[in-house]
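Let me begin by presenting the structure, written as structure tokens, before commenting on it.
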Amino acid sequence: MDIFALFEGRVADALTASFPELASRNEVLARVVVEPPRDATHGDLSTNAAMVVAKPLGKNPREVATVLADHFGSDPDVASAEVAGPGFLNFRLDAGVWHKVLASVAEQGADFGRSDVGQGEKVNVEYVSANPTGPMHVGHTRGAVFGDALASLLAYTGYDVTKEYYINDAGSQVDTLARSAFLRYREALGETIEIPAGFYPGDYLVPVGLSLVEEFGNSLLGKPEDAWLPPVKQHVLAAMMELIKADLKKLNIEHDVFFSERTLHGPGGDIEETLDWLRERGLVYEGRLEPPKGKLPEDWEDREQTLFRATQFGDDTDRALIKSDGSYTYFAADIAYHRNKVLRGFTALIDVLGADHAGYAARITAAVKAVSDGKAQADVRFCQLVKLLRNGEPVKMSKRSGDLVTLAEVVDEVGADATRFMLLFRRNDAPLDFDFAVVKEQTRDNPVFYVQYAHARTWSIFRNAARDLPGLDISASALRGADLSLLSSPDELDLIRLVGSWPRQVAAAARAHEPHRLAFYLHELAAQFHAFWARGKENPALRFVNDDNPTLTLARLALVDSVRQVLSNGLGLLGVSAPEELS
RNA sequence: GGCCCCGUAGCUCAGCCGGAUAGAGCAGUAGCCUUCUAAGCUAUUGGUCGCAGGUUCGAAUCCUGCCGGGGUCGCCA
């Protein structure tokens with residue numbers, strides 16, 4: 001039960017009942033929201049309805065609000081409806097409403113917060129898509145976690161989600177990869193090798209050399225490159241993808257679809273087909289591009305080339321499709337790839353990219369508009385850099401020597417839970433400091449620990465109740481029969497309010513494509529719960545478990561259970577475990 | 001030079017589709033912690049929301065310009 005959504009419905013009904021001329025004004029009604037007031041002393045719920053409709057109606061907002069307030073006089077759930085400020089309408093709810101909300105948490109369990117705001121829309125979330133040239137490093141980790149949490153969130157809110165990985169296996173870098181692997185192959189056969197600059201020097205190719213020997217023996221030796229390159233490429237790509245999948249597995253990330261760029265190339269392939277399709281619509285032409293302003297690239301040559309009319313769809317400049325050597329640009333393949341997604345029926349295409357690709361957003365958005373005739377929506381999300389720290393000191397990384405911190409190293413050191421939560425405890429487009437020392441700390445400075453501890457505490461309260469009140473039935477069905485009207489103190493009602501706002505938070509986070517909001521909410525819920533718990537230390541009457549009052553204990557346990565449920569649901573969406581006990 | 005992101009308390013950051021007196025954590029200060037789990041809790045100090053305009057009943061939020069920081073800039077992926 002989402003109390004805010006429920007009242008949005010009632011407010012809309014009240015509006016159209018009082019002002020029939022609004023019935024056809026959906027664009028106006030859509031702006032009406034019911035939300036918690038900024039200041040809790042204003043009541044339980046607040047709506048901007050009167051201010052939104054005042055102008056279209058040509059009436060004074062406070063006047064409209066008064067009419068609405070009268071309308072809600074007969075609503076048994078509403079204890080009072082007051083007009084405030086410029087025309088807010090504030091509701092104070094009958095405490096029984098909050099008790100119903102609490103009961104609905106128990107009833108819905110893991111589904112409390114689930115919704116159908118997505119209405120089954122087919123969404124493709126493309127994330128990670130790291131080049132298959134080596135193990136994943138920390139730079140990829142943030143996008144991986146962000147995309148994965150976003151996908152879970154969207155699935156939970158009624159979207160039909162596919163998690164996809166685009167394998168960049170068509171560029172010249174994979175040839176370099178194959179050549180690097182071939183060196184390791186020769187090494188495995190006893191040669192002493194030297195790795196030239198520009199090759200991939202990493203040790204992770206050593207086992208690939210060995211497995212090449214296993215598969216081909218020494219049969220590739222002495223052959224010309226064009227004979228050994230294709231099979232070696234095939235072999236090393238498969239090995240790299242296994243490596244990457246194993247890394248992702250450490251973070252509990254599994255994609256539904258791995259899409260190979262190579263399958264788009266070639267005669268009759270998607271790229272050709274897509275360019276033909278675009279040509280038919282006059283969106284491809286031969287022309288010259290203005291050189292970039294400012295300093296000119298050294299190898300700039302003014303020549304005619306094949307361009308996509310990206311400007312027609314909101315990009316700043318038209319974009320090249322074919323390189324000077326005749327092969328397709330990365331972008332040409334990407335247009336075909338996005339068209340492929342559209343043809344598979346997706347109407348929302350989310351691309352999760354690193355911040356260094358920020359300049360790419362406009363052209364992807366343009367391409368998706370073009371290939372879908374405006375029917376599909378692209379949303380390109382960027383993840384900013386993660387700065388690794390150790391006790392406040394930056395961790396040194398040198399790309400040149402291949403001395404990067406890998407995803408596996410981070411996860412092995414701090415664990416998947418902490419990695420995921422920390423990366424989600426910040427907006428994706430803001431830079432993030434990741435300090436190993438803080439993340440491993442078991443104090444309130446560490447939000448992962450703080451939230452998990454709150455969850456563990458709910459379990460420990462139940463364990464204590466079972467120990468101290470052995471005669472009390474605290475099973476789920478017994479909790480359902482608890483007399484919730486005993487929960488009437490401000491602290492209790494505040495906690496229920498926060499629990500009750502969970503569905504609204506989830507829906508808002510999904511609409512905004514911002515999973516970090518869930519992490520912040522969970523942190524807030526944990527804080528309020530810890531605070532409530534601490535009050536029981538000063539005043540035993542406020543404890544959840546009261547030896548001399550089993551009825552009250554049962555009601556409070558129902559409240560604790562709702563907190564447990566929401567923490568568990570939330571951590572689950574973020575892909576973080578919810579332990580019953582901290583060791 | 002063009003484009004994109006960012007600028008909110010000393011620090012790190014939230015701020016939901018424009019809404020009421022701008023929030024949290026850390027740090028600081030003053031307390032509590034002989035336990036429903038010790039790793040916590042309470043109170044308190046602290047703001048020209050980068051600057052200047054604009055839009056309107058109302059702007060941290062939307063628009064324009066400027067300042068500062070980061071990223072990026074035909075054929076790399």
Side-chain angles (χ1 to χ4, degrees), chain A residues 30-31 33 35-39 42 46 48 51 54-55 60-61 84-88 90 129 131 133 168 170-173 261 288-295 297 299-303 305 307 315-325 327-331 333-334 354-362 382 384-385 425-427 429-433 441-447 449-450 453 456-457 459-465 467-468 504-505 507-509 511-512 514 516-517 520 523-524 527 530-538 540 543-547 553 556 560 581-582:
Chain A
R31 291 173 49 216
V33 293
E35 57 192 350
R38 191 172 288 270
D39 187 336
H42 290 139
S46 173
N48 62 353
M51 291 177 289
K55 191 169 239 183
N60 175 305
F88 286 100
N90 295 329
S129 299
N131 291 334
T133 55
N168 299 139
S172 58
Q173 55 174 0
E261 181 189 350
R288 285 169 200 280
L289 228 44
E290 292 283 311
K293 303 257 163 70
K295 67 167 186 219
D299 58 348
W300 175 266
E301 57 173 307
D302 185 26
R303 66 176 186 89
Q305 52 187 338
L307 299 168
D315 200 357
D316 311 312
T317 176
D318 291 338
R319 302 290 177 176
L321 295 169
I322 296 178
K323 304 187 214 171
S324 55
D325 69 359
S327 63
Y328 294 117
T329 61
Y330 179 81
F331 181 54
D334 221 10
D356 53 340
H357 290 74
Y360 205 64
F382 299 102
Q384 273 291 347
L385 295 178
F425 197 58
R426 176 118 322 165
R427 259 175 44 209
D429 54 358
L432 172 108
D433 290 348
E441 218 169 72
Q442 300 221 328
T443 69
R444 62 160 310 158
D445 295 349
N446 178 355
F449 169 77
Y450 189 71
Y453 180 42
R457 181 167 263 173
W459 280 86
S460 98
I461 288 166
F462 271 84
R463 286 191 293 268
N464 287 321
R467 184 194 61 208
D468 297 345
R504 182 173 179 275
Q505 301 282 350
R511 273 192 277 260
E514 292 182 352
H516 76 271
R517 292 192 197 182
F520 277 95
H523 192 258
E524 188 185 345
H530 284 312
F532 193 118
W533 183 91
R535 249 160 251 144
K537 292 179 93 167
E538 292 155 17
R543 294 187 175 192
F544 295 114
V545 178
N546 271 271
D547 295 3
T553 298
R556 291 215 172 126
V560 172
E581 210 170 348
L582 296 180

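Remember, it's a predicted structure, so these values are computed and weren't measured experimentally. Throughout, protein chains are lettered first and strands after them, A, B, ... in sequence-line order, and every chain is numbered starting at 1.
Within the shown strands, B:C6 is the pairing partner of B:G68 under the Watson-Crick or G-U definition, both distances less than 3.5 Å. Partner assigned to B:A59 is none, using Watson-Crick or G-U wobble distances below 3.5 angstrom. Nucleotide B:A38: unpaired (no Watson-Crick or G-U wobble partner with both distances less than 3.5 Å). Across all strands shown, B:U12 forms a Watson-Crick or G-U wobble pair, both distances under 3.5 Å, with B:A24. With a cut-off of 3.5 Å on both Watson-Crick or G-U wobble distances, the partner of B:A43 is given as B:U29. As the counterpart of B:G1, B:C73 is assigned, both hydrogen-bonding distances of the Watson-Crick or G-U wobble pattern falling under 3.5 Å.
Rounded to the nearest 0.5 Å, atoms CG (A:Asp318) and CD (A:Gln305) are 10.0 Å apart. Going from atom CZ of A:Arg457 over to atom CZ of A:Phe532 covers 12.5 Å, rounded to the nearest 0.5 Å. The distance from atom CG of A:Asn546 to atom OG1 of A:Thr553, rounded to the nearest 0.5 Å, is 5.0 Å. The distance from the OH atom of A:Tyr360 to the CG atom of A:Asp334 is 3.5 Å, given to the nearest 0.5 Å. Distance CG/A:Asp356 to CG/A:Leu385: 7.5 Å, rounded to 0.5 Å.
Across all strands, A:Tyr360 comes closer than 4.0 Å to base atoms (heavy-atom distances). A:Asn90 comes within 4.0 angstrom of a nucleotide base, judged by non-hydrogen atoms across all strands. Note on A:Ala456: a base of the nucleic acid sits closer than 4.0 angstrom, heavy atoms only. A:His523 comes within 4.0 angstrom of nothing in the nucleic acid, heavy atoms only. Within 4.0 Å of A:Ala355, counting heavy atoms only, lie sugar-phosphate atoms of the nucleic acid but no base atom. Across all strands, A:Arg463 comes closer than 4.0 Å to base atoms (heavy-atom distances). Across all strands, A:Arg303 comes closer than 4.0 Å to base atoms (heavy-atom distances). Looking at heavy-atom distances under 4.0 Å, A:Gln505 makes no contact with the nucleic acid at all. Within the 4.0 angstrom heavy-atom criterion, only backbone atoms of the sugar-phosphate kind lie near A:Pro431; the bases stay farther away.
The listed nucleotides are B:A77, B:C57, B:C16; the one nearest the side chain of A:Ala508 is B:C16. In the set B:C76, B:A77, B:G71, the nucleotide with an atom closest to the side chain of A:Gln173 is B:A77. Nearest nucleotide to the side chain of A:Ile461, out of B:A77, B:G15, B:C36: B:C36. The A:Arg427 side chain lies nearest to B:G15 when the options are B:C76, B:A39, B:G15. Of the listed nucleotides (B:C13, B:U42, B:G19), B:C13 has the atom at the smallest distance from the side chain of A:Arg426. Each of B:A20, B:G40, B:C5 was ranked by its minimum atom distance to the side chain of A:Pro37; first place goes to B:A20. Proximity note for A:Asp316 (side chain, C-beta onward) versus B:C3, B:C13, B:U37: the nearest is B:C3. Distance from the side chain of A:His516 is smallest to B:G15 among B:G74, B:G19, B:G15. In this structure, of B:C36, B:U37, B:G74, it is B:G74 that holds the atom nearest to the side chain of A:Leu289. The listed nucleotides are B:C17, B:U37, B:A14; the one nearest the side chain of A:Arg511 is B:C17.
Taking the P atoms as reference points, B:U61 lies 16 Å from B:U21, given to the whole Å. A gap of 34 Å separates the C1' atoms of B:G25 and B:C63, to the nearest Å. For B:G47 and B:C5, the P atoms lie 31 Å apart once the distance is rounded to whole Å. Distance check on atom P: B:U8 versus B:C49 gives 11 Å, rounded to whole Å. Only the P atoms considered, B:G70 is 32 Å distant from B:G23, to the nearest whole Å. Atom C1' of B:G2 sits at a distance of 27 Å from the matching atom of B:U55, rounded to the whole Å. B:U12 sits 12 Å from B:G7 when the P atoms are compared, rounded to a whole Å. When the P atom is compared between B:C3 and B:U42, the two are found 48 Å apart, to the nearest whole Å.
Here the C1' atom of nucleotide B:C36 and the OH atom of A:Tyr453 are 11 Å apart, to the nearest Å. Distance CG (A:Leu385) to P (B:C4): 20 Å, rounded to an integer number of Å. A straight line from CD of A:Gln384 to P of B:G69 spans 16 Å, rounded to a whole angstrom. The CZ atom of A:Phe331 sits 12 Å away from the P atom of B:C76 (whole-angstrom rounding). The distance between atom CZ of A:Phe532 and atom P of B:C36, rounded to the nearest whole Å, is 14 Å. For the pair A:Asp315 CG and B:C3 C1', the interatomic distance rounds to 9 Å; values are reported in whole Å. The nearest whole Å value for the distance from the CE atom in A:Met51 to the P atom in B:G18 is 13 Å. Rounded to an integer number of Å, the gap from CD of A:Glu35 to P of B:G15 is 15 Å.
Side-chain contact between A:Tyr330 and A:Glu261 is present, with heavy atoms from C-beta onward closer than 4.5 Å. At a threshold of 4.5 Å between non-hydrogen side-chain atoms, the residues A:Leu582 and A:Phe449 count as touching.
Along RNA chain B, the nucleotide nearest A:Tyr450 and the nucleotide nearest A:Gly85 are compared for position; the residue whose nucleotide lies closer to the 5' end is A:Gly85. RNA chain B is contacted by both A:Arg535 and A:Ser172; A:Arg535 maps to the nucleotide lying nearer its 5′ end (nearest heavy atom per residue).
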**Message:** Evaluate A:Gln384 against A:Arg426 for side chain to side chain contact (heavy atoms under 4.5 Å, CB included), listing each step before the verdict.
**Reply:** CA-CA 10 Å; A:Gln384 273 291 347; A:Arg426 176 118 322 165; over 6 Å; no

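Look at A:Phe88 and the base of B:G19; the rings do not stack under the cut-offs of 5.5 Å between centres and 30° between planes. B:C36 has A:Trp533 stacked on its base ring, the centres lying under 5.5 angstrom apart and the planes within 30 degrees of parallel. B:A20 has its base stacked against the ring of A:His42, the centroids being under 5.5 angstrom apart at an interplanar angle below 30°.
A:Gln173 and A:Asn168 make their closest contact through NE2-O, 3.3 Å (heavy atoms, listed as atom of the first residue, atom of the second, distance). In this structure, A:Arg288 and A:Arg303 approach most closely via the heavy-atom pair NH1-CA, 3.5 Å.
The base of B:C16 is paired with the side chain of A:Arg504 by a donor and an acceptor separated by under 3.5 Å. Taking only distance into account, the side chain of A:His357 meets the base of B:A77 through a donor-acceptor pair shorter than 3.5 Å.
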